[in-house]
> 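This is the structure I want to talk about, given as structure tokens.
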Amino acid sequence: MTKDPVQGVDEFWNKFGWWVSGVWLFFLIFPILDLVQNPHPPAVRVIGLLLLAVYAGVYLRGYIRYSVFVGYGGTHTTEARVYFGIMCLIVLLSIPVLESGTLGLLPFLSSYAAFLLGRKVAYVTYAVVTALAIGLPLLFGTLLEMIFLVGLNLVLMAVYSVTVTAIERSVAADQLKTDYLVVSEQERMARDVHDGVGHSLTALHLKAQLALRLLDERQLDQARAEVEQLSELAITALDSVRTTVHGMSRGNLDTELRELERSCEDNGIGFNITGLTEQVPTELHSHVAWLLREALTNVLRHAHASEVWVNLATDQVSIDDDGDGISAPEGHGIRGMRQRARLFGASCIVGQSALGGTRVLIDFNGTGAQ
């Protein structure tokens, strides 16, 4: 089943965000070397290494728990802030021991704040980190020795800001696309109701009026024929409603094909498939399911076909029927299919089928005429 674009971003950061953040633990090598190589008392050395382990663990734990909020303004949960508070406390405790070596801990503070706690906390953290990154080397007279870590902290804060902004814009763009798809689906449903149910109800009303007039004129045979047609129109209207309702919830390609096959069988149309759903890129399944539903709905309503062929491939999907072909001007359905195809970089070509009816070709490469 195809995943929503925003859901995909969520799942990436939820599953792999902590790995991305974990790579930066390499920079803990600076405070670790300071504790190991410099003449600290054994107790200070042991406690310091333990605190660094806690620091790294809390940092990773925060990303594991809350990386799903990356790109969404961060989290305001108490637990995430407690983790951040523990990290800040360890940094403060390290200053008397590590002195300028504390700069090796600062990138983790700025990273945690920027990605997980939102802009307001990040701005405050950036200000404090900048002050410490410049102030500690000046205080302890090690500015030249620590120039690399000073520059590293400043550069990483800029990198974090740019990265967070890019992720937020990507999420916003995906959300806009999702919202557009929802609106497009609602418009399609409205068109389906208007074109299918609306027309059927109009026809039902006219047929009922004619049947009543024939009954008044005692033309019972003709009145009976009109009532029989009323029944057929009611069944058509019910089918249209059923198709629209199914369209609200179906996005799985295999499920869609089974439903379409059942609809074709119910209407006496042969349904044939070549290729496998696995050949269609997974991320396009819901789009292809929607387009297949729209194309087959047009066949069921207008084509008077006896056979339908669906061909699935890695670069395209086609739907052919042996019906009447396209005789009427292009309607909302075809325009909607073309718009939907463009959303995922494909083209939708509607033309004459070799079977004599209509062919709908969805080209995933978007190279066909639209």
> Could you check whether any side-chain N or O of Asp363 sits under 3.5 Å from a backbone N or O of Ala346, counting only pairs where one atom can act as donor and the other as acceptor?
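No, Asp363 side chain to Ala346 backbone: no donor-acceptor pair under 3.5 Å.
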> Between Tyr59 and Tyr63, is the ring centre distance below 6.0 Å?
yes
> Do any N or O atoms from the side chain of Tyr126 and from the backbone of Met157 form a donor-acceptor pair under 3.5 angstrom?
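Yes; judged by distance alone, with no hydrogens or angles, the pair exists.
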> Find out if a path of hydrophobic residues (ILVMFWY) with successive side-chain heavy-atom gaps under 4.5 Å connects Leu105 to Ile147.
no
> Could you tell me which non-hydrogen atom of Pro137 sits nearest to which non-hydrogen atom of Met146, and how far apart they are?
CG-CB, 4.1 Å
> Drop me the distance from Leu260's CG to Thr297's OG1, to the nearest 0.5 angstrom.
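One finds 7.0 Å between CG of Leu260 and OG1 of Thr297.
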> Does Leu92 share a hydrophobic cluster with Leu103, counting links as ILVMFWY side-chain heavy atoms below 4.5 Å and allowing steps through other members?
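Yes, Leu92 connects to Leu103 through the hydrophobic network.
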> Do you know the tightest heavy-atom contact between Gly101 and Pro31?
O-CB, 4.2 Å
> Regarding Thr255 and Arg258, is there a side-chain donor-to-acceptor distance under 3.5 Å anywhere?
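The criterion, which ignores hydrogens and geometry beyond distance, is satisfied for Arg258 and Thr255.
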> Minimum heavy-atom separation for Ser318 and Arg359, please, with both atom names.
OG-NH2, 3.5 Å
> Would a single hydrophobic cluster contain both Val46 and Leu28, if residues Ile, Leu, Val, Met, Phe, Trp and Tyr are joined by side-chain heavy-atom contacts under 4.5 Å?
no
> Would you check if the side chain of Asp322 reaches a backbone N or O of Ser306 as a donor-acceptor pair within less than 3.5 Å?
yes
> Could you tell me if the side chain of Val299 sits less than 4.5 Å from the side chain of Thr358, heavy atoms only?
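Answer no - side chains too far apart.
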> Working note: Tyr66 + Leu117, criterion side chain to side chain contact (heavy atoms under 4.5 Å, CB included); need CA distance, chi angles, decisive distance, verdict.
CA-CA 9 Å; Tyr66 299 107; Leu117 299 182; over 6 Å; no
> Applying side-chain contact (heavy atoms from CB on, under 4.5 Å) between Val308 and each of Ile269, Leu300, Leu355, report the one that passes.
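When Ile269, Leu300, Leu355 are each tested with Val308, the side-chain contact (heavy atoms from CB on, under 4.5 Å) holds only for Ile269.
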> Who pairs with Arg262 by salt bridge (Lys or Arg N to Asp or Glu O under 4.0 Å), at least two apart in sequence or on another chain?
Glu259
> Are the side chains of Leu116 and Val121 in contact, using a 4.5 Å heavy-atom criterion?
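No, every pair of side-chain atoms sits at 4.5 Å or beyond.
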> Taking it one step at a time, do Val91 and Phe108 satisfy side chain to side chain contact (heavy atoms under 4.5 Å, CB included)?
CA-CA 10 Å; Val91 168; Phe108 302 96; over 6 Å; no
> For the CD atom of Gln279 and the CG atom of Asp315, what is their distance to the nearest 0.5 Å?
10.0 Å
> Do Leu144 and Leu152 belong together in a cluster built from hydrophobic side chains that touch within less than 4.5 Å?
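No, no single cluster joins them.
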> Any side-chain donor paired with an acceptor under 3.5 Å for Asp254 and His285?
no
> Would you say the side-chain atoms of Gln352 pair up with the backbone N or O of Gly356, donor to acceptor, closer than 3.5 Å?
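Side chain of Gln352 to backbone of Gly356, a donor-acceptor pair under 3.5 Å: yes, one is there.
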> Got a second to check how far Phe271's CZ is from Asp266's CG, nearest 0.5 Å?
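With rounding to 0.5 Å, CZ (Phe271) is 12.5 Å from CG (Asp266).
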> Answer yes or no: is there a side-chain heavy-atom contact under 4.5 Å between Leu296 and Glu261?
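The answer is no; the side chains never approach within 4.5 Å.
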> Over all heavy atoms of both residues, which pair between Ala313 and Phe364 is shortest? Give the atoms and the distance, please.
O-CE1, 3.8 Å
> Measuring only between side-chain heavy atoms, which start at C-beta, is Asn311 closer than 4.5 Å to Ile319?
no
> Can you tell me how far the CD1 atom of Ile47 sits from the CG atom of Leu52, to the nearest 0.5 Å?
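Going from CD1 on Ile47 over to CG on Leu52, the span is 12.0 Å.
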> Please identify each residue that fulfils salt bridge (Lys or Arg N to Asp or Glu O under 4.0 Å) with Arg45, with sequence neighbours left out.
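So Arg45 forms no salt bridge (Lys or Arg N to Asp or Glu O under 4.0 Å) with any residue.
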> Using the rule side-chain contact (heavy atoms from CB on, under 4.5 Å), only one of Ile349, Leu284, Leu291 pairs with Ile362; which is it?
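Checked Ile349, Leu284, Leu291 against Ile362; only one passes side-chain contact (heavy atoms from CB on, under 4.5 Å): Leu291.
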> Measuring only between side-chain heavy atoms, which start at C-beta, is Tyr112 closer than 4.5 Å to Thr125?
no
> Are any side-chain N or O atoms of Ser111 and backbone N or O atoms of Pro107, one a donor and one an acceptor, separated by less than 3.5 Å?
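Side chain of Ser111 to backbone of Pro107: no pair is present.
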> Once rounded to the nearest 0.5 Å, what's the spacing between atom CG of Leu138 and atom OG of Ser100?
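Separation between the atoms: 9.0 Å.
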> Would one find more than 12 heavy atoms of other residues, nucleotides or ligands at under 6.0 Å from atom CG of Asp221?
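Open: at most 12 neighbouring heavy atoms sit under 6.0 Å from CG of Asp221.
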> Please name the pair of heavy atoms, one in Ala114 and one in Ala122, separated by the smallest distance, quoted to 0.1 Å.
CA-CB, 3.8 Å
> Using a 4.5 Å cut-off on heavy atoms from C-beta on, say whether the side chain of His302 contacts that of Asp324.
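Of all side-chain heavy-atom pairs linking His302 with Asp324, none is under 4.5 Å.
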> Check whether Leu89 and Leu50 end up in the same hydrophobic cluster, where Ile, Leu, Val, Met, Phe, Trp and Tyr are linked by side-chain heavy atoms less than 4.5 Å apart.
no
> As an exercise, state the distance from CD of Glu265 to CG of Asn267, rounded to the nearest 0.5 Å.
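Going from the CD atom of Glu265 to the CG atom of Asn267 covers 10.5 Å.
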> Decide yes or no on side chain to side chain contact (heavy atoms under 4.5 Å, CB included) for Leu106 and Leu149, but give the supporting numbers first.
CA-CA 9 Å; Leu106 299 183; Leu149 285 178; over 6 Å; no
> Leu109 and Phe84: side chain to side chain contact (heavy atoms under 4.5 Å, CB included), yes or no, with the steps?
CA-CA 7 Å; Leu109 285 183; Phe84 186 66; 3.9 Å; yes
> Are the side chains of Val288 and Thr277 in touch, meaning some heavy atoms are under 4.5 Å apart?
no
> Between Thr102 and Leu132, is any pair of side-chain heavy atoms under 4.5 Å apart?
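No, too far: nothing below the 4.5 Å cut-off.
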> Which residues pass the side-chain hydrogen bond (donor to acceptor under 3.5 Å, both in side chains) test with Thr75, sequence neighbours left out?
Thr77
> Report yes or no: does Asp321 contribute a side-chain atom to a donor-acceptor pair with the main-chain N or O of Gly357 at less than 3.5 Å?
no
